[in-house]
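Okay, so here's the structure we're looking at.
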Amino acid sequence: MSDAHAAHEHAKLGFWRHYVFSTDHKVIGIQYAISALVFLLFGFTLMMLMRWQLAFPGKALPILGGLFGDNRMPGGVMLPEFYDQLGAMHGTIMVFLGVVPLGVGGFGNYVVPLQIGAPDMAFPRLNMMSYWSFFIGGVVMLSSFFVPGGAAQAGWTSYPPLAILNPTGQTFWLIGMIFLITSSLLGSINFITTIIQLRAPGLSFFRLPFFVWAQFVTSFLLLLAFPPLEAAGVMQLMDRVAGTSFFLPSGLVVSGQALHASGGGSPLLWQHLFWFLAHPEVYVLILPAMGIVAEIIANNTRKPLWGYKPLVYSVLFLGFMSFIVWAHHMFLTGMGTVMSSFFQTTTMIISIPSVVILTCLILSLWGGSIHYRVPMLFALAFLPMFAIGGLTGLPLGLSTTDIPLHDTYYVIGHFHYIVAPGSLLALFAGIYYWFPKATGKMMNKALGHLHFWPTFVCMNLIFFPMMLQGLAGMQRRLFDGGATYNFTAGVQHWNEVISISAWVMGVAQIFFIVNFFWSMKRGKKVDRNPWHATTLEWLAPSPPPHGNFENALRVTRGPYDYSSPGAAEDFSPQGEAVPAEAGA
Amino acid sequence: MTDEHTAHVDTQVRAYMVVFVSLLALTVITVAIAKLHLPVALGISVALGIAAVKGSLVALYFMHLISERKLIFLVLIFTVIFFFGCLLLPSFNQLDAVRVP
Amino acid sequence: MSEAIPYTVEARPDTGVNNVKIGIWLFLASEVMLFGALFASYILLRLGADSWPAGWNELNVNLGGANTLILIASSMSIVMSWASLEKNQPRRYRIYMTITVLLGIFFLINKGFEYHEHIVEHQLPSTSTFFALYYTLTGLHALHVACGTLVNLYLLLPGFKMWKRSPEQFTNRVETAGLFWHFVDIVWIFLFPVLYLLP
């Protein structure tokens, strides 16, 4: 079927099939991206609310405080149960409804088929089902705020027995997770099949852009690590509604009364199954971001990435190792020395590929002709932020140093450095970078700077003090910000600094939101390759039509052929159109 | 549909028959052995061992794994490794755990 | 527009497989991890238990054994249904697929009887961790049997129209459904001894 015919067939679809129930990977990618950005904003708003309670414990929130009702914020003062709901849902939403759907569902779906020269994903209808499963999961999650007892409030980690004894919102959390996991599983099958099967002629594995490798490994993590959490979710659901005791130990006493359950369960079983997913999940959070940064660095240094092969082997090794480190989240559960040594060793080993990847990206800057465009600002900022995040993880990965740091604000600082000024900055970079491909317009540069600088500065003001608080022993998940404990008195004052920085950062996002929507209509029109980039997506029109490329492609070189001596321009596209007669 | 193709399928069908009969026999054997009420460790090993043989027969022959592409094996090999990790490491953890005397 | 997506039916030369073949094996890989987690739970909970009942004392070995034979027979019948299509024998295909569907339904009916027996005896998921695992493992498995049977039924009745239009693609679909079905069989091959036969 020729592309003109295909495009005509597509044009005959009505509004619903075209924009809502579309099977086109680009539409689905945008659906994921917009939904994820909305969820990210919502999850961030939950945190901005929490930060009031942390900065000014027990004080009424002016104006807005009255909106939440007496069962959440009577007189504008946050109840501990509501604080816990905000905390659990902030984590859940940011991870499962925000970063992953944006990084994998959004960027993965939109960019991967284009970067491999494919007309779409291998299974377009499955792709659509993935999105709607995610959407339903999101609705279920969000609706949990409105059930009696409120949303899940046992942390995003939902540890039993507490999670089993919690109100109805936890059941919604479990059901929501099942939809989200299903979405990810279907999506990962699609990604892996697409990358293996639909690469354009000449696009061997070692000519793939690093972004595609990153998505490839990410999909394997999702495919193989999520099912145990799905199983655990079903078991916790059964403990809550069917009276089973998978995770309830014998002899449990709640509020002075023995719990009426068969007992014999193991709370640690949940922890194992949860972290079996949740550790690879953190690599799901970072890998697409690394992929995005790699693309932008190559493009904005006008030279190939340094160490392409080490990057690829590292990301494969990282993916493999990520399955056997999970119990470093469980060092304080009475673990014996043999298992503790095993998990400490694997955890230390896994830091090596991360360092290799970061080093290759940094070395890629050396000798480059650096263009400080807005995507590059975000990509550059990622590097030291991820370095801080990664390095601060080392004491957590060794059990002796983990003992004083576990469940303190140090941990919060550590992982937020990786996800927030790490992944999130990279995801923003990706939006600024690929916006012209998706819309044919450029985002505004001045607004980009107004978004970047406050965000970057505030992220550090928010998360660096948390390291100090954690080192002083301030525990996480305390609704009064640790005020009850005298030994944290010296670091309490940071709470105000952190909270104010968070609110300022919230305001700075307005520049992004305005830029995003304004540029769609009024942004500077650009041609199909405004960045003069080498990868295949830039050969397609902006925006690409259904089917993506006007002609069949063949790939003739590696992904980052920049500044090649003797070449006419400082970049050579990775592929070229195959003449119509030859391709027919 | 070439004769060569039909002959090839017929060879496979013959293999299926052999596997089918073996599976039925092994099922009967495993139930019979269970009725002997062997000691725990031996009973578990034998039951799981026979199950492994049965499972392998289904996977190799009914699912055509014995003639399948390297690519599929690659996916499965990692799956098997992680399967055993998930299966065994939590229990090793339990066995190694610190016990209050 | 499946024609626009290459290798939906024909194999890609360098990988040697078509898209659906990889897709189903990836899906089965995830299912291995799903049931793996449940088996892991069995091991951990049993290790931590003071006492654990012998399977044959709590469960109906005869019904379980019969179900094992049923599933094995259905695995045979579904692979024969595929082989029939490969040999261009659609009538034989319909016979074998019908057998597969009926055996699947038979399995579920047996399971229903078993559950009924247990419920009447007040053996519920809440009774003990053994029963919690029994119901969850066999329940999830039964859900897979049910879904597989629905897929097989679809391929037997409305889906069969594709045989006329596109025999190669239809044969691939039957092979794919077969792979899922065999997996469900393999899970039961392990479930049966673990739950019913272990001392």
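Reminder, nothing fancy here: chain letters follow the sequence lines and each chain counts from 1.
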Original post:
Distance from F83(B) atom CZ to L224(A) atom CG, nearest 0.5 Å?
Top reply: 12.5 Å
**OP:** Under the ring-ring contact (aromatic ring centres under 6.0 Å, His included) rule, collect the residues that match up with F220(A), sequence neighbours excluded.
**Re:** F216(A)
Original post:
Of the backbone (N, CA, C, O) and the side chain (C-beta and beyond), which part of F343(A) lies under 4.5 Å from a heavy atom of chain B, both, or neither?
Top reply: side chain
Original post:
Tell me, do L273(A) and C86(B) make a side-chain contact under 4.5 Å, heavy atoms counted?
Top reply: yes
Extract the chain B to chain A donor-acceptor pairs under 3.5 Å, no hydrogen or angle test applied.
| unit_1 | atom_1 | unit_2 | atom_2 | d |
| --- | --- | --- | --- | --- |
| N93(B) | ND2 | H272(A) | NE2 | 3.3 |
| D96(B) | OD2 | T337(A) | N | 3.4 |
| D96(B) | OD2 | V338(A) | N | 3.0 |
| D96(B) | OD2 | M339(A) | N | 2.9 |
| V98(B) | N | G334(A) | O | 2.8 |

Original post:
Which members of residues 49-62 of chain B, sorted by number, sit under 4.5 angstrom from chain A on a heavy-atom basis?
Top reply: none
Original post:
Is chain B contacted by the side chain of I196(A), its backbone, both, or neither, given a heavy-atom distance below 4.5 Å?
Top reply: side chain
Original post:
Of the backbone (N, CA, C, O) and the side chain (C-beta and beyond), which part of L95(B) lies under 4.5 Å from a heavy atom of chain A, both, or neither?
Top reply: neither
**OP:** With chain A as the partner chain, list the residues of residues 12-47 of chain B whose heavy atoms fall under 4.5 Å from it, by residue number, and write 'none' if nothing qualifies.
**Re:** none
**OP:** Return the orientation label for the F78(B) and F320(A) ring planes: parallel under 30°, perpendicular over 60°, tilted otherwise.
**Re:** perpendicular
Subject >> Student check: side-chain heavy atoms of F342(A) and L89(B) closer than 4.5 Å >> reply: yes
Original post:
Is atom CZ of F84(B) surrounded by more than 12 heavy atoms (other residues, nucleotides or ligands) closer than 6.0 Å?
Top reply: no
